[in-house]
There are 2 protein chains.
Amino acid sequence: MAGRDYGQYDGVTRALELVGERWALLIVRDLLVGPRRYGELAAGLPRIPSNVLAARLKELQEAGVIRRAPRSRVIVYELTPYGRELEPLVLGLGAWGFKALGDPREEQVVTPDAMTIALRTAFRAQIAASLPATAYAARLGPAELLIRVDGPELDVRRGDGPVDLAFAAGPGIRRLISGELAPRLAIESGVVEVLRGPGELLGRFADTFHLAA
Amino acid sequence: MAGRDYGQYDGVTRALELVGERWALLIVRDLLVGPRRYGELAAGLPRIPSNVLAARLKELQEAGVIRRAPRSRVIVYELTPYGRELEPLVLGLGAWGFKALGDPREEQVVTPDAMTIALRTAFRAQIAASLPATAYAARLGPAELLIRVDGPELDVRRGDGPVDLAFAAGPGIRRLISGELAPRLAIESGVVEVLRGPGELLGRFADTFHLAA
DNA sequence: CCGCATCCCATGTGATACTG
DNA sequence: CAGTATCACATGGGATGCGG
């Protein structure tokens, strides 16, 4: 059984019993990006103790949120359909928490999966639909992401490749996403460093990915 | 400071730092119904230890989610605008958890605030808009609720009063809301007991409040 | 009496070490 | 690589105390 119960009978309480334990929703967040092996999850959650990761994986399985799947000799964890229904909730949490994001503390880490979800959170499909298909390569701290926008579709994966615009940015990119910092200024101030391609495309990026602060 | 941090820099993590601690979202849930005094919160969360309630209230304040407000000699806690932005998330959690709600265990309690939020979760405004304004009095376990639906507007408050339909129900009402149990059968089987008014109105109720299972 | 604070103990968490 | 085992410690749970 998952987390200790609250002694109440209602949907919110039930949900918290299933995914309200510490670390649980961060595991779900990473699995929303794709199936992951135990070690990959551990790498994406650097500060989770291995025993807690093992416990959560067990609980989430019993809750019907994730499942162990054998994939050609290795085990991966993946969301069940019921677990995947958490996507709008996780994205909503991300949008809500984004507004309270200050500057990163020294100890804080940026992981590829977290950034992928952040991009999905900020993605404005209806805006993107009216823009030309564009591919970006973004180096966000230690995360290298290949971002392809095609109409209202978004595809984010790890790695680099041939793209229309490649750029690197630190945490200051938050202010670009929130609209506090104009694309031009982001480049001029060095918050965003254009590696390849025309810098003007950063404007399109900022139009495509936006979250109010 | 709120809960211990996870060492990551992203919106989901930030959100969980602010409202991810045990009991925190249940406090938010109850405050979504209206401002509450300390004792009212404690009554609505029967199993929360007083020290934990006090700690959470302090943390949620520092997180900017709630605020203490003096109301004519007494202190009430209420959501800040930022805290109120959690409403869709809490309702979403409720809808998600509803699907995993089995039958209540012996120890589990039903509180008025939790039921109020459950009704908001299940409310279908667009359906209600096409139905005549209706008032219901529902006795759900120990919770007595006065439910007024007027077009796309829903108002739920405690107490009884003059209504079109008054009924009492046990936890079996879950199956009415999920559509597993037809209104007629609910009455015939005794799951719902009509106290006043025409039983046919229970059909309208079931149309207005619905959550897929 | 309401709004907490204190105390004590059970349990969950965190860091590290260890094993199949 | 994929977990288990161990142990110190922080937090949660329950009862009780107490000042305004």
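Order of the sequence lines fixes the chain letters, A, B, ..., with proteins taken first and strands second; residue numbering starts at 1 for each chain.
- Between B/Y38 and C/dC1 there is no side-chain N or O to OP1 or OP2 distance below 4.0 Å.
- Out of C/dT13, C/dT6, D/dG12, the shortest distance to the side chain of B/S50 is found at C/dT6.
- Counting non-hydrogen atoms under 4.0 angstrom, A/R56 reaches the backbone sugars and phosphates but no base.
- Between the CZ atom of B/R36 and the C1' atom of C/dC2 there is a distance of 17 Å, rounded to whole Å.
- For the pair A/W23 and C/dG14, the criterion of a side-chain N or O lying under 4.0 Å from OP1 or OP2 is met.
- The CG atom of B/L53 sits 9 Å away from the C1' atom of C/dC4 (whole-angstrom rounding).
- Counting only residues at least two apart or on different chains, the side-chain hydrogen bond (donor to acceptor under 3.5 Å, both in side chains) pairs with a member in residues 32-45 of chain B are B/R36-B/D113.
- No more than 12 heavy atoms of other residues, nucleotides or ligands shown are found within 6.0 angstrom of CZ on B/R139.
- The CD atom of A/E40 sits 8 Å away from the P atom of D/dA2 (whole-angstrom rounding).
- Geometrically, B/R67 does not engage B/Y82 in a cation-pi contact defined by less than 6.0 Å to the ring centre and at most 45° from the axis.
- Using a 4.0 Å heavy-atom criterion, one finds that A/Y77 contacts the sugar-phosphate atoms exclusively.
- Nearest-nucleotide mapping onto DNA chain D: of A/Y6 and A/I75, the residue sitting toward the 5' end is A/I75.
- Dashed line: the shortest gap from a side-chain N or O of A/R47 to OP1 or OP2 of C/dG14 is not under 4.0 Å.
- Put simply, CD1 on A/I27 is 14 Å from C1' on D/dG3, counting in whole angstrom units.
- Ring orientation note: the planes of B/Y136 and B/F167 are nearly perpendicular, at an angle over 60° on the 30°/60° scale.
- Heavy atoms from other residues, nucleotides or ligands lying under 6.0 Å from CZ of B/R120 number more than 12.
- Per the geometry, CG belonging to B/L41 stands 13 Å off C1' belonging to C/dC2, to the nearest Å.
- Rounded to whole angstrom, the span from the CG atom of B/L57 across to the P atom of C/dC2 amounts to 16 Å.
- As a whole-Å value, the separation of A/N51 CG from C/dA17 C1' is 11 Å.
- Dashed line: the shortest gap from a side-chain N or O of A/R22 to OP1 or OP2 of C/dG12 is not under 4.0 Å.
- Checking the phosphate oxygens (OP1, OP2) of C/dG3, no side-chain nitrogen or oxygen of B/K58 falls inside 4.0 Å.
- Heavy atoms from other residues, nucleotides or ligands lying under 6.0 Å from CZ of A/R157 number 12 at most.
- Taking only side-chain nitrogens and oxygens, B/R4 comes nearer than 4.0 Å to OP1 or OP2 of D/dT11.
- For D/dA2, neither phosphate oxygen OP1 nor OP2 lies less than 4.0 angstrom from any side-chain nitrogen or oxygen of A/R68.
- Atom CD of A/E107 is separated from atom P of C/dG14 by 14 Å (rounded to the nearest Å).
- You'll find that the side chain of A/E21 is closest to C/dT13, out of C/dC4, D/dG13, C/dT13.
- Checked against D/dG13, D/dT6, D/dT11, the side chain of B/P49 finds its nearest nucleotide in D/dG13.
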